[in-house]
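Remarks on the structure that follows.
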2 protein chains.
Amino acid sequence: MGKMICNCDSCHNKLCARQISIFSSLDDQQLMRIADLIIHKGYKKGELLIFEGESVNSLFIINKGQTKAFRNTQDGREQILYLFSEGDFFGERSLLRDEVSNYSVEALEETHICLIHKHDFQVLLKEHPDIALKIMEELCRRLDRLENTVETMGTRTVEARVSSVLLEFADKYGKPHPRGIMIELPLSREGIANYIGLTRETVSRKMSLLQDEGVIEMNGNKKVLLLDRSALERAADRAS
Amino acid sequence: MGKMICNCDSCHNKLCARQISIFSSLDDQQLMRIADLIIHKGYKKGELLIFEGESVNSLFIINKGQTKAFRNTQDGREQILYLFSEGDFFGERSLLRDEVSNYSVEALEETHICLIHKHDFQVLLKEHPDIALKIMEELCRRLDRLENTVETMGTRTVEARVSSVLLEFADKYGKPHPRGIMIELPLSREGIANYIGLTRETVSRKMSLLQDEGVIEMNGNKKVLLLDRSALERAADRAS
DNA sequence: CCAAAATCATGCTCAACGTCACATTTTTTT
DNA sequence: AAAAAAATGTGACGTTGAGCATGATTTTGG
């Protein structure tokens, strides 16, 4: 894509860098300087932003849109590791250490990215040590989530895993609704399956089951209405 | 145990803090100052150093010994998340953010610990920004490992998971041996099972299988001689 | 708004892992 | 060194999730 046009009132004028938590300790003048370093780029749904095994030379910050980070196994299956949305960053690992990416990153929808070049980023890191602390916080959050994922995949029933992921989505993407919480799913059934290490069919079956139990209500393929959150929480705690 | 006596030539004199990678950017004088902040403590096999759900007020650095970090599920199962050995640290998360621990940490053998109090650690972090970078590096290594674990648990056959863990142990604990690599296992079969989300019996069976195939040779319960590393690598790559 | 393509639901079958039981071996304790 | 405790190996069996096939539904693109 390369030559996407971001209608960037939201960037230079409103200082998009401010929305990003890792820069939250900086004042407006400092943010302005950072804004000058930023390159904007757009990606269409399905485009790859980062290729597994290749080196990365910028920090990617999502201005708008969503991406998934995943790995491919030989037999064509994929394991999704992270879902990134507005305000999230990625690519940091290759900048801190000099290594190729562990995973590919793909746009799940039209996505606008702010890029900071490796060199600029490292200068920033030296000038503003607080940024390192913020990044550390975010890394810790990711560790938390992965630890949860490992526990879930290691000790919980399949129904519990599906329930967990629905709860995660409810918290992250859910919006209030007269009869519960309306969730706009960021992934297809197959995507969900690849996120929690199951097959498409199993996810379908377990979601149908939850619907039969009156816990959720499916609305087309991309929307789920969560009717009974506490029932879902109980289901998510069930050990195998 | 509390009143353990560390015969600490290895500490003040030889500057045990130097062995620890997060302090590697400091000079001897700075290390001396840190050494003064350190409190030594010993734990017997089976003792808990950190309790899941409780707050932690020190950084733990292993001087000698090994620990496992794990979570308990309601039904008494446990999921092991990390194995820590000499030079590794833990408890950092509760110091960076103000949260209770996500996991318990238990000594797998007699273990000697260097403790740095929360307050002292935060002062150090301010004085020496390089420490933050080192910690960040270590957090990234943990993310790498957890990402691998998630991929393995999500997409690989059970035999591949067992093979993976044996390879991990070979790299970390293996010693050269005339006929291959001798591995001193840090965990029992049940421990291994809890590390990769399987049952004791399944681990037993798969290891017996690997032995029948001539890939490994079991020597008592705690020793495994790896005879054919490349066969094990091939097995570890097998998708489900 | 319609047609084509993609996604999803669901029934059936099979292999595999978990569970339970028990014998055996290894390790620890006294 | 003997006894007790813990860990391990292994068989039988049931459950369940994966694989495959097919029809239905939803989404997409013109």
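Heavy-atom basis, side chains included; hydrogens, waters and symmetry copies ignored.
- Side-chain N/O atoms of B:Ser208 include one lying less than 4.0 angstrom from OP1 or OP2 on D:dT10.
- In this structure, B:Lys222 does not reach the D:dA7 phosphate: none of its side-chain N or O atoms is under 4.0 Å from OP1 or OP2.
- When all heavy atoms are compared, the tightest approach of A:Gln211 to A:Met218 is OE1-N, 2.7 Å.
- Considering all non-hydrogen atoms of both residues, A:Asn219 and A:Met182 come closest at ND2-CE, 4.3 Å.
- With rounding to whole Å, A:Lys45 atom NZ is found 8 Å from C:dT7 atom P.
- Under 3.5 Å, the side chain of A:Arg161 and the base of D:dG17 form no donor-acceptor pair of N or O atoms.
- The listed nucleotides are D:dT26, D:dA18, D:dG19; the one nearest the side chain of A:Leu198 is D:dA18.
- Between the P atom of C:dT29 and the NZ atom of B:Lys44 lies a distance of 11 Å, rounded to the nearest Å.
- A salt bridge links A:Glu151 and A:Arg156; the closest N-O separation between the charged side-chain nitrogens and carboxylate oxygens is under 4.0 Å.
- For B:Arg200, the side-chain atoms get nearest to C:dA21 when compared with the rest of C:dA21, C:dC8, D:dC20.
- In this model, the phosphate group of C:dT7 is not approached by any side-chain N or O of A:Ser188 to a distance below 4.0 Å at OP1 or OP2.
- An OP1 or OP2 oxygen of C:dC17 is reached within less than 4.0 angstrom by no side-chain nitrogen or oxygen of B:Thr199.
- Across the protein-nucleic acid pair, B:Glu159 atom CD and C:dA16 atom C1' stand 12 Å apart, rounded to whole Å.
- Note: CD (B:Gln211) to C1' (D:dG9) measures 11 Å, nearest angstrom.
- With respect to B:Arg142 and B:Glu138, a salt bridge is recorded, a charged nitrogen being found less than 4.0 Å from a carboxylate O.
- Atoms CZ (B:Arg189) and C1' (C:dT26) sit 11 Å apart, rounded to a whole Å.
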